[in-house]
Amino acid sequence: QKEVEQNSGPLSVPEGAIASLNCTYSDRGSQSFFWYRQYSGKSPELIMFIYSNGDKEDGRFTAQLNKASQYVSLLIRDSQPSDSATYLCAVNWPSGYSTLTFGKGTMLLVSP
Amino acid sequence: DTEVTQTPKHLVMGMTNKKSLKCEQHMGHRAMYWYKQKAKKPPELMFVYSYEKLSINESVPSRFSPECPNSSLLNLHLHALQPEDSALYLCASSQGAGLRNEQFFGPGTRLTVL
């Protein structure tokens, strides 16, 4: 059973705070993990990907992966109102092809 | 330039119509995908094309028929759809179809079936 779990939120944070978004997945053999941002009425936009255990930083975003715990997270530092969106965690299962399974997404609201 | 384009942006069709959705990418990617996204739900994979060959069909009804005329184009032919097929249809592409390839999405076609 391919399952990707996210808290649906909304997660509300004040401007300038750190937003922490979490995701768990069911298949221990999964190898690649992606975070997409989706504004209402728009398509998903890739913001981070991570393949190895540990942290990966890109600007204000940090992705964290713990394969033993089957857990991946996204930290957004210095949150801005423009970060308000739904954040989708996506996982590739250990098959021959890239077949992303998405979590239901966490809505983030950043208040000025 | 990570751009995937989709036409049309909006489509309204009756249950007896035949229509097609089009997707194009100029990034030299060799894998292309169709997803379906219902309101307030995550995208669901429908098809995977790798090197212009259909590699994955996620048990999609035959009223949806994909076609990959060349490495830059991906079509989705629609026939005898049902109202429950109304959704945002997303095309994506990636450099390859392996597990460590990032997928980039187009803006989508919002389909309404009457």
Side-chain angles (χ1 to χ4, degrees), chain A residues 2-10 21 23-25 27-53 56 58 61 63 65 67 72 85-107, chain B residues 1-7 9-10 21 23 25 27 29-60 87-111:
Chain A
K2 300 176 182 178
E3 292 186 354
V4 180
E5 301 286 343
Q6 292 182 258
N7 188 323
S8 61
L21 304 160
C23 174
T24 59
Y25 57 94
D27 194 322
R28 189 175 291 276
S30 299
Q31 296 184 23
S32 49
F33 308 87
F34 305 84
W35 283 99
Y36 285 84
R37 176 174 63 196
Q38 188 170 27
Y39 293 110
S40 180
K42 301 295 185 183
S43 64
E45 174 191 8
L46 179 67
I47 54 173
M48 288 290 287
F49 57 90
I50 187 166
Y51 305 139
S52 303
N53 273 331
K56 179 182 178 182
D58 183 2
F61 299 100
L65 175 61
K67 289 187 179 181
V72 58
T86 295
Y87 289 79
L88 297 163
C89 173
V91 176
N92 254 328
W93 307 108
S95 65
Y97 292 96
S98 176
T99 53
L100 289 180
T101 297
F102 286 82
K104 293 183 179 179
T106 298
M107 181 183 291
Chain B
D1 186 10
T2 55
E3 186 174 89
V4 178
T5 59
Q6 291 186 244
T7 55
K9 290 184 180 179
H10 301 275
L21 309 184
C23 175
Q25 56 88 13
M27 296 177 280
H29 288 175
R30 302 313 303 264
M32 298 184 76
Y33 311 80
W34 280 116
Y35 288 83
K36 172 182 178 179
Q37 186 175 24
K38 301 276 280 183
K40 306 230 182 271
K41 299 288 186 184
E44 293 180 348
L45 181 67
M46 300 174 72
F47 303 104
V48 178
Y49 271 83
S50 177
Y51 289 84
E52 301 158 47
K53 288 188 172 13
L54 182 63
S55 302
I56 300 283
N57 175 340
E58 292 283 27
S59 303
V60 178
L88 180 67
Y89 287 85
L90 295 161
C91 174
S93 72
S94 61
Q95 189 164 12
L99 299 181
R100 294 191 175 190
N101 281 276
E102 302 86 60
Q103 294 185 26
F104 299 94
F105 284 84
T109 293
R110 192 163 298 281
L111 174 68

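Below, chains carry the letters A, B, ... as their sequence lines are ordered, and counting in each starts from 1.
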For A:Y97, I'd like to know if atom OH has over 12 heavy atoms of other residues, nucleotides or ligands within 6.0 Å.
no
Is the backbone N or O of A:S32 less than 3.5 Å from a side-chain atom of A:N92, with the two atoms forming a donor-acceptor pair by type?
no
For B:Q95, is the CD atom crowded, meaning more than 12 foreign heavy atoms sit under 6.0 Å from it?
no
Can you say whether A:F34 sits under 4.5 Å from chain B via the side chain, the backbone, both, or neither, judging by heavy atoms?
side chain
Region of A:Y51 in contact with chain B, defined by heavy-atom distances below 4.5 Å
both
What do the steps show when you test B:Y33 against B:S94 for side chain to side chain donor-acceptor pair (under 3.5 Å), and what is the final call?
CA-CA 9 Å; B:Y33 311 80; B:S94 61; 2.7 Å; yes
Chain A contact via B:E44 - side chain, backbone, both or neither, heavy atoms under 4.5 Å:
neither
Side chain / backbone / both / neither for A:E45 at chain B, heavy atoms under 4.5 Å
neither
Tell me, for B:Q103 versus chain A, whether the close heavy atoms (under 4.5 Å) come from the side chain, the backbone, both or neither.
both
Do A:F61 and A:R37 have side chains that get closer than 4.5 Å, going by heavy atoms?
yes
With a 4.5 angstrom heavy-atom cut-off, which part of B:L99 approaches chain A: side chain, backbone, both or neither?
both
How close do A:Y36 and A:P44 get, counting heavy atoms only, and between which atoms?
CD2-CB, 3.8 Å
Electrostatic pair A:E5-A:K104, nearest N-O below 4.0 angstrom:
no
Between chain B and each of A:T86, A:L100, A:T99, A:V4, count heavy-atom pairs under 4.5 Å; write down the option with the most.
A:L100
Chain A: which of B:G108, B:G106, B:S55 shares the most heavy-atom pairs with it under 4.5 Å?
B:S55
Any idea which of A:G103, A:S98, A:S40, A:S43 has the most non-hydrogen atom pairs under 4.5 angstrom with chain B?
A:S98
